Amino acid sequence: MVSLFLLWGARAQAQPVEPKGAGFALGFRTAYGVPVGRSVADARVADEFGQTLSQQVEVAYYFNPRLSLGAYFQLGFGRSPDACFEALCGATVVRYGLELDYRFRPGEFVSPWVGVGIGYEFATSQLVSDDGEDLAGSMQRRGFDLGHANVGLDLRLNRTVVLGPYLTTSLGRYRKTDARHIPGDSRRFHVWLQPGVRMQLHF
């Protein structure tokens with residue numbers, strides 16, 4: 001099976017597919033998020049929201065086969081290691097923003113690409129009571145995605161569909177907790193590392 005896939009890939013590489021020009025594309029991503037750093041004072045993002053499994057949908061406009069600008073919305077689900085004592089406890093991380101991508105070999109079977117973007121992040125963690133039975137409330141943190149960078153590989157299946165792995169690294173800083181502003185001297189920077197898979201449909 002693997003040999004058949006490699007032979008098919010070699011054939012596809014030998015016969016480049018002419019990519020579409022200017023137009024829209026609809027994208028879907030699945031990613032695994034690993035947080036690094038602190039949210040407020042000494043609180044670690046990993047302890048508050050845990051690692052996440054995220055789904056993302058995006059709409060991009062291609063100015064030409066290489067350059068595109070798009071908007072995205074991502075919803076991730078995680079668990080707070082310090083707060084969770086039962087299955088009902090968990091966390092959500094919502095992100096949305098804009099992204100600019102560039103492809104190096106858009107007509108080839110394997111096309112590397114890079115991207116940069118900015119956005120906003122809204123994270124919520126459910127808290128439980130000491131007995132682990134009744135929910136005691138929730139904690140919310142929100143702030144800007146100050147910038148993120150992408151690197152990936154697109155495998156062009158045909159003129160319409162591309163599919164491949166990618167990695168996103170984002171830098172964020174929370175400004176609010178629940179409805180209150182976080183004092184400037186308590187704000188900390190954090191990073192999300194997100195390896196995943198992306199599929200795009202070109203129209």
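As a basis for the values below, the full set of heavy atoms in this structure was taken, side chains included, without hydrogen atoms, waters or symmetry mates. All figures in this text were calculated on a predicted structure; none of them were measured in a lab.
The minimum heavy-atom distance between Asp101 and Arg198, with the atom names listed, is OD2-NH1, 3.5 Å. Shortest non-hydrogen contact noted between Ala123 and Tyr174 is CB-OH, 3.9 Å. Counting all heavy atoms, side chain and backbone alike, Thr52 lies closest to Ser54 at OG1-OG, 3.6 Å. Between Leu100 and Ser68, the shortest heavy-atom contact is CD1-O, 3.2 Å. Looking at every heavy atom in both residues, Gln194 comes nearest to Gly33 through CG-CA, 3.9 Å.
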Chi angles and distances behind the side-chain contact (heavy atoms from CB on, under 4.5 Å) call for Lys176, Phe122: CA-CA 10 Å; Lys176 292 183 179 180; Phe122 183 92; over 6 Å; no

Under the criterion side-chain contact (heavy atoms from CB on, under 4.5 Å), I'd like the reasoning laid out for Val161 against Leu201: C-alpha separation, chi angles, the key distance, then a yes or no. CA-CA 5 Å; Val161 182; Leu201 307 176; 3.7 Å; yes

For Trp192 and Val45, run side-chain contact (heavy atoms from CB on, under 4.5 Å): C-alpha distance rounded to whole Å, both residues' side-chain angles, the deciding distance at 0.1 Å, then the answer. CA-CA 9 Å; Trp192 283 92; Val45 177; 3.9 Å; yes

Before giving the answer on side-chain contact (heavy atoms from CB on, under 4.5 Å), spell out for Arg175 and Arg187 the whole-Å C-alpha distance, their side-chain angles and the decisive distance to 0.1 Å. CA-CA 7 Å; Arg175 298 176 58 87; Arg187 301 174 190 169; 3.4 Å; yes

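Under the 4.5 Å side-chain heavy-atom criterion for Ile, Leu, Val, Met, Phe, Trp and Tyr, Leu53 and Leu193 are members of distinct hydrophobic clusters. Both Phe49 and Ile182 are members of a single hydrophobic cluster when ILVMFWY side chains are connected at heavy-atom separations under 4.5 Å. Both Met139 and Val40 are part of a single hydrophobic cluster, where members link through side-chain heavy atoms under 4.5 Å apart. Hydrophobic clustering of Ile, Leu, Val, Met, Phe, Trp and Tyr side chains at less than 4.5 Å, counting indirect connections, keeps Val162 apart from Phe63.
The side-chain hydrogen bond (donor to acceptor under 3.5 Å, both in side chains) test applied to Thr30 returns Gln55, not counting sequence neighbours. By the ring-ring contact (aromatic ring centres under 6.0 Å, His included) test, Phe24 pairs with Tyr61, sequence neighbours left out. With sequence neighbours left out, Phe77 forms a side-chain contact (heavy atoms from CB on, under 4.5 Å) with Leu75, Thr92. In this structure Arg44 satisfies the side-chain hydrogen bond (donor to acceptor under 3.5 Å, both in side chains) test together with Asp47, sequence neighbours excluded. In this view, Phe189 and Leu146, Leu171, Arg173 satisfy the side-chain contact (heavy atoms from CB on, under 4.5 Å) rule, not counting sequence neighbours. For Phe104, the ring-ring contact (aromatic ring centres under 6.0 Å, His included) test picks out Tyr102, with sequence neighbours left out. With sequence neighbours left out, Leu26 forms a side-chain contact (heavy atoms from CB on, under 4.5 Å) with Phe28, Val57, Val59, Phe203. In terms of the side-chain hydrogen bond (donor to acceptor under 3.5 Å, both in side chains) criterion, residue partners of Arg141 (sequence neighbours excluded) are, by chain and number, Ser39, Glu48, Thr177. In this view, Tyr62 and Arg103, Gln200 satisfy the side-chain hydrogen bond (donor to acceptor under 3.5 Å, both in side chains) rule, not counting sequence neighbours.
Rounded to the nearest 0.5 Å, atoms OH (Tyr32) and CG (Leu167) are 14.0 Å apart. Summarising the geometry, atom CD belonging to Gln140 is positioned 4.0 Å from atom OG1 belonging to Thr124; distances are rounded to the nearest 0.5 Å.
At least one donor-acceptor pair closer than 3.5 Å links the side chain of Arg156 to the backbone N or O of Pro106. Between the side chain of Asp178 and the backbone N or O of Arg180 there is no donor-acceptor pair closer than 3.5 Å.
Evaluation of the salt bridge (Lys or Arg N to Asp or Glu O under 4.0 Å) test over residues 26-37, restricted to residues two or more places apart or in two chains, returns Arg29-Glu58, Arg29-Glu99. Applying the ring-ring contact (aromatic ring centres under 6.0 Å, His included) rule to pairs touching residues 139-158 yields Tyr72-His148, Tyr120-Phe144, sequence neighbours excluded.
The neighbour count for Ile118 CD1, taken as heavy atoms of other residues, nucleotides or ligands under 6.0 Å away, does not exceed 12.
Phe73 has its side chain within reach of Val94: a pair of non-hydrogen atoms, C-beta onward, lies under 4.5 Å apart.
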For residues 110-117, tabulate all N or O donor-acceptor pairs below 3.5 Å that involve a side-chain atom, not counting sequence neighbours.
from: Ser111; atom 1: OG; to: Arg105; atom 2: O; distance (Å): 3.1
from: Trp113; atom 1: NE1; to: Asp154; atom 2: OD1; distance (Å): 3.4

